[in-house]
There are 2 protein chains.
Amino acid sequence: MNQVIDAGALAPLYKEVKRLLTASIAEGEWQAGAALPSETRLAQRFSVSIGTVRKAIDELVAERIVVRHQGRGTFVASHGANRLMFHFFHVVPRGERTREYPDTETLAFRRARAEPAEAATLRLAAGEPVYRIRNLLSLAGRPVMLDDLVLPQALYPDLTEKVFSSRDNTIYHLYQTRYGVNVLRTSERLSAALADAETAGLLGLRKGAPLLEINRVALSYHHAPVELRRSLVDTSEHEYLSDLGRANAG
Amino acid sequence: MNQVIDAGALAPLYKEVKRLLTASIAEGEWQAGAALPSETRLAQRFSVSIGTVRKAIDELVAERIVVRHQGRGTFVASHGANRLMFHFFHVVPRGERTREYPDTETLAFRRARAEPAEAATLRLAAGEPVYRIRNLLSLAGRPVMLDDLVLPQALYPDLTEKVFSSRDNTIYHLYQTRYGVNVLRTSERLSAALADAETAGLLGLRKGAPLLEINRVALSYHHAPVELRRSLVDTSEHEYLSDLGRANAG
DNA sequence: TAGTGGTCTAGACCACCTG
DNA sequence: AGGTGGTCTAGACCACTAC
């Protein structure tokens, strides 16, 4: 019951434990989907009590960096396997909450240089090499969404169109498994736009049809940006649901 | 250190404490902005340990039902006073995160009957009395957003246009202080639309200009819907930021 | 100085999952 | 049966706020 010496730490102990855990995950000591050591072992490793480890893990769970399973262990969050797959996909049929997984078709895959604005958002120097990828997403067999991705080549060294389009899971799962890039959070800015001729053609609309434009930045550990994505959505039969991935409430 | 008898409870004790606290807040035992009893006192009141009370309050904090201030106490969340005012306002100038508070003008205030779809969402019988309110919101002196509100009259008994438009704070603050209706969470569905002649005129746009349409349901305790709101936003110089009110990340 | 929430410990028992 | 996370307790000290 006695207080242990805190060694003059400025930050709470559990924050330090959290920082060390996050660093180990980011460095790959435990890969996505792998189990962390048990709470007892972690407590020994960091010379703190279990309660402190639990509080650190509580925050990692809240940030979706890890997932707890009672009786089994604590695991590094993964983009595959579970329903978390849908965590970053907000487009649903009008009035519903149920999502189906979209069919995606890769329309273009190019190597290019970052525009100044892109470079700034991706924290690159202007002109650094990027991939530009265009995807067409279909729901229930009908095209609904046109995605333009910008990826720093440095993060995804050997990415090719073949690798990209022959993935058997989500794009973020590909980043995670092949490049160790773990998308934790996205920041999205939405606005309304009108379809130009090209976009209208791809989505089967008339030129000038209203589109929902979503500008997304995908973020990894330490808020590092790892992907830029502009989506144009035909919302005539679908909507963007803002509060997925949220929970509860009293 | 010995285990106390749990009396065969099915739910965890702290969930029960949380439920009791939420109920007391919803019933008005502690008004918005008021301090809860100290953790020690609450522990005595519910015959549990402080740790259990803390865990219950942790969840209430996460759901923004209460706010903790070290050294001062724990308070029922309020819509006034603090920056929480902006919690439900997602429209920002393009590329920025800073928000200014919008000027609002009440264009219409009518008593009417709920349409079937509205009634269903508000959990009313079709035809129940509602208010229909139209607001024009301006940022930096220019109209940006047109809001159409639908409110059950039963929840806001004596609401009049004068009361509504002479409020000196946010609309949700009015609900809270005058009617004890506390908006905790909103659910929003976004889509793109084209401005009709009337809307275009009000927002200073051409007919057919693209607009961001936001359909919002405001929810109180126990997920009770307390307001419907459709917003039409001119996004030529503003955007909808999806991740306000979120925090941290490793 | 007194009271509040914030952190941390130490250990108990329970529920769940895997062998 | 053994290990894991989930809950709960009891009490210590710290940091902050009010008076």
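Protein chains get the first letters and strands the later ones, always in sequence-line order, with residue 1 at the start of each. Heavy-atom basis, side chains included; hydrogens, waters and symmetry copies ignored.
One interatomic measurement links the two molecules: NZ of A:K18 to C1' of C:dC8, which rounds to 17 Å at whole-angstrom precision. Rounded to whole Å, atom C1' of D:dT17 lies 8 Å from atom CZ of B:R72. Nucleotide C:dG5 holds its C1' atom 11 Å from the CG atom of B:D58, rounded to whole Å. As rounded to whole Å, 8 Å separates atom P of C:dT7 from atom NZ of A:K15. Atoms CG (B:L13) and P (D:dA10) sit 12 Å apart, rounded to a whole Å. Going from atom NE2 of A:H69 over to atom C1' of D:dT4 covers 12 Å, rounded to whole Å. Counting to the nearest Å, the P atom of C:dT7 and the CD atom of A:E16 are 15 Å from each other. One atom, CG of A:L36, and another, P of D:dG3, lie 19 Å apart when rounded to the nearest Å.
With distances taken from any side-chain atom of A:E39 to the nucleotides C:dT7, D:dG6, C:dC8, the minimum falls on D:dG6. Here the side chain of B:Y14 is nearest to one of D:dT9, C:dC8, D:dC8, namely D:dC8. Of the candidate nucleotides D:dC8, D:dG6, C:dT7, D:dC8 has the atom lying nearest to any side-chain atom of B:P12. The A:Q70 side chain lies nearest to C:dA15 when the options are D:dT4, C:dT9, C:dA15.
Taking only side-chain nitrogens and oxygens, B:R41 comes nearer than 4.0 Å to OP1 or OP2 of C:dT4. Contact check, A:T52 against C:dT7: no side-chain N or O comes under 4.0 Å of OP1 or OP2. Between A:S38 and D:dG3, a side-chain N or O to OP1/OP2 separation shorter than 4.0 Å is absent. Look at B:R68 and you'll find a side-chain N or O under 4.0 angstrom from OP1 or OP2 of C:dG6.
Position along DNA chain C of the nearest nucleotide to A:K55 versus A:G71 favours A:K55 as the more 5'-ward residue. Take the nearest nucleotide of DNA chain C for A:S49 and for B:R54: the residue whose nucleotide is more 5' is B:R54.
No side-chain donor-acceptor contact under 3.5 Å links B:S47 to the backbone of B:A43.
Contact check on B:E39 versus B:R68 returns a salt bridge, with a Lys/Arg side-chain nitrogen under 4.0 Å from an Asp/Glu carboxylate oxygen.
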Review point. Which is it for B:Y172 and B:F88 under the ring pair (Phe, Tyr, Trp, His ring centres under 6.0 Å) test, yes or no, and what are the steps along the way?
Key: CA-CA 9 Å; B:Y172 290 171; B:F88 299 107; 5.5 Å; yes

Exercise for review: Step by step, work out the salt bridge (charged side-chain N to carboxylate O under 4.0 Å, His left out) result for A:R64 and A:E59.
Suggested key: CA-CA 8 Å; A:R64 300 197 201 86; A:E59 295 207 348; over 6 Å; no

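At a threshold of 4.0 angstrom between heavy atoms, the contacts of B:T74 are confined to the sugar-phosphate backbone, with no base atom among them.
Residue A:S38 holds its OG atom at 7.5 Å from CD of A:Q44, rounded to the nearest 0.5 Å.
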